[in-house]
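All chains are named by letter (A, B, ...) in the order of the sequence lines, taking the proteins before the strands, and each is independently numbered beginning at 1.
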2 protein chains.
Amino acid sequence: MTLSEEDYIKAIYHLSEFNSKSVATNAIAEQMKTKPSSVTDMIKKLAEKSLVNYKKYQGVSLSEKGRLVALSIIRKHRLWEVFLVDKLNFSWDEVHVVAEQLEHIKSDALIDKLDAHLGFPKVDPHGDPIPNKDGVFTKSVKKLISELPVGSQGVCVGVNDSSAAFLKFLDKNKIALGDTFKILEIEEFDGSVTISTRSGSIRISKQIATNLFLEIVDEE
Amino acid sequence: MTLSEEDYIKAIYHLSEFNSKSVATNAIAEQMKTKPSSVTDMIKKLAEKSLVNYKKYQGVSLSEKGRLVALSIIRKHRLWEVFLVDKLNFSWDEVHVVAEQLEHIKSDALIDKLDAHLGFPKVDPHGDPIPNKDGVFTKSVKKLISELPVGSQGVCVGVNDSSAAFLKFLDKNKIALGDTFKILEIEEFDGSVTISTRSGSIRISKQIATNLFLEIVDEE
DNA sequence: ATATAATTTTAGACAAAGCTAAAAAATTGT
DNA sequence: ACAATTTTTTAGCTTTGTCTAAAATTATAT
Ligand SMILES: [Mn+2]
Ligand SMILES: [Mn+2]
Ligand SMILES: [Mn+2]
Ligand SMILES: [Mn+2]
């Protein structure tokens, strides 16, 4: 598999991660920052290799084979991110671009030994799960703050948007994975949410609330 | 710079490392496992970018700019080799192929942090020096066993051939970097050499003797 | 000195991955 | 229902890096 094919497979995976339907050519083009005509060309090649299911004008979806390829690249990407943060002291907003390259290094031994070196981590620095060798991973039950009712309490376990801009914003506002939050108030007008943190309560915009995942702590 | 350009630059560097003359098209083709016509095409492109000095039919040599590019790739290659051996427990005969890929990852921050993480090593697992950021490195005074007279004594500090086959041979025969050897006898007939090691004396073939470097311990 | 051999370059082709412009199909609005 | 719009595909072109076959140049050997 070429680097480019791998990036397309990963893009298709992420675009169908939640809705599970077939993915539109234009959506892939936007994700990959290419033109729709280039996407069509690549899709044909991937279909030829049975990595995707494709019918002209009907969008595309990953085959089981393609899904496993996607998960193996995602596994590598996330393990490298853990390495960069835990071992090389990168901050969590810098690692994505580098992992984007490292994920394409081809060596099973390398990724096995890296996994062991890191202590077999289950999640990456952004709270995303790391699939095992067979593409198996546990999708934890986590909810966006924007989906939760007043009174909910939970541990911040992940980000929806992992852009450097958002991650830096969180750092600046002293919001980190592992923090416990409680939803105190939801403002009807603009969707902003007041949450309690260790250091008092803060108000976050709707945009922030739709990009932070909490793992709910059952209220007894 | 593309991956391919980088590999050509590195190949030219290694081919002119010792003789310093200009490098032949055929030699590059052999090293790169391509055809001479492909080499000519690439040389033109590199000349266009002022990375090499080139005159038709007269061979090629690296420009100062090209030399610095070569050294930065070699720096990355060797640092990754140290990482693979020291941190991931690869054996020294497995690391070259993986480093061949890792050397092309583009991130100055990555290589700086890796260097620090490894404790700023000066040599790679095969005893080869690691250039610093500016391409500066100390070429230690080391000699091949085959170049030394009877009575010489020194510490084994490097290999000339770093193929997996040779390195595995050394492991099997309990020869490792850091060992102290003394040359006891040189057989005129076939060039084989008898050396003393910690565990007694052994006879090595001429081929082995031309691929092991010793750093001489001055005999007082 | 010159024929033969070896090396190097050129010419022309191909596959991968991208682009633009135009055509085809699907979707949407009235 | 059907015209307008959007989406998707096709056609044709470009760049990068490779190849084979043929031509040009340089080296070698008698
Ligand atoms: Mn990538
Ligand atoms: Mn991540
Ligand atoms: Mn390489
Ligand atoms: Mn080495």
Quick one: is [N] close enough that its OP1 or OP2 comes under 4.0 Å of any side-chain N or O from [X]?
| X | N | value |
| --- | --- | --- |
| B/K56 | C/dT10 | yes |
| A/Y57 | D/dT6 | no |
| A/K44 | D/dT10 | yes |
| A/S38 | C/dG18 | no |

CG (B/L62) and CG (B/L51) are apart, to the nearest 0.5 Å, by 8.5 Å
Q.
Please tell me whether B/D124 and B/W92 have a donor and an acceptor in their side chains that are separated by less than 3.5 angstrom.
A. no
- State whether a side-chain donor-acceptor pair under 3.5 Å links B/H126 with B/H96. no
How many whole angstroms separate atom [atom1] of [X] from atom [atom2] of [N]?
| X | N | atom1 | atom2 | answer |
| --- | --- | --- | --- | --- |
| A/M1 | C/dA16 | CE | C1' | 13 Å |
| A/I28 | C/dG18 | CD1 | C1' | 16 Å |
| B/M42 | D/dC19 | CE | P | 11 Å |
| B/I43 | C/dT9 | CD1 | P | 6 Å |
| B/K55 | D/dT26 | NZ | P | 11 Å |
| A/L46 | C/dA16 | CG | P | 12 Å |
| A/Q58 | C/dT27 | CD | P | 7 Å |
| B/D41 | C/dC14 | CG | P | 16 Å |

**Q.** Salt bridge A/K133-A/D112, side-chain N to carboxylate O under 4.0 Å
**A.** yes
Between B/K65 and B/K49 (side chain of the first, backbone of the second, donor and acceptor by atom type, cut-off under 3.5 Å), is there such a pair? yes
- For B/T34, report the nucleic acid contact type (base, sugar-phosphate, nothing); a contact means any heavy atom under 4.0 Å. sugar-phosphate
Exercise. Looking for any heavy atom pair under 4.0 Å, which part of the strands does A/T25 touch: base, sugar-phosphate only, or nothing?
Worked result: sugar-phosphate
Given the options B/E103, B/E17, B/E5, B/K10 meets salt bridge (Lys or Arg N to Asp or Glu O under 4.0 Å) only with B/E103
The correct set of residues in residues 2-12 of chain B placing a heavy atom under 4.0 Å from DNA chain C is none
Looking only at C/dT7, D/dT10, C/dT10, the nucleotide nearest the B/N26 side chain is C/dT7
Kindly say whether, by distance alone, the side chain of B/S37 makes a donor-acceptor pair under 3.5 Å with the base of C/dT8? no
Nearest heavy-atom contact between B/T138 and B/P129 is O-CB, 3.8 Å
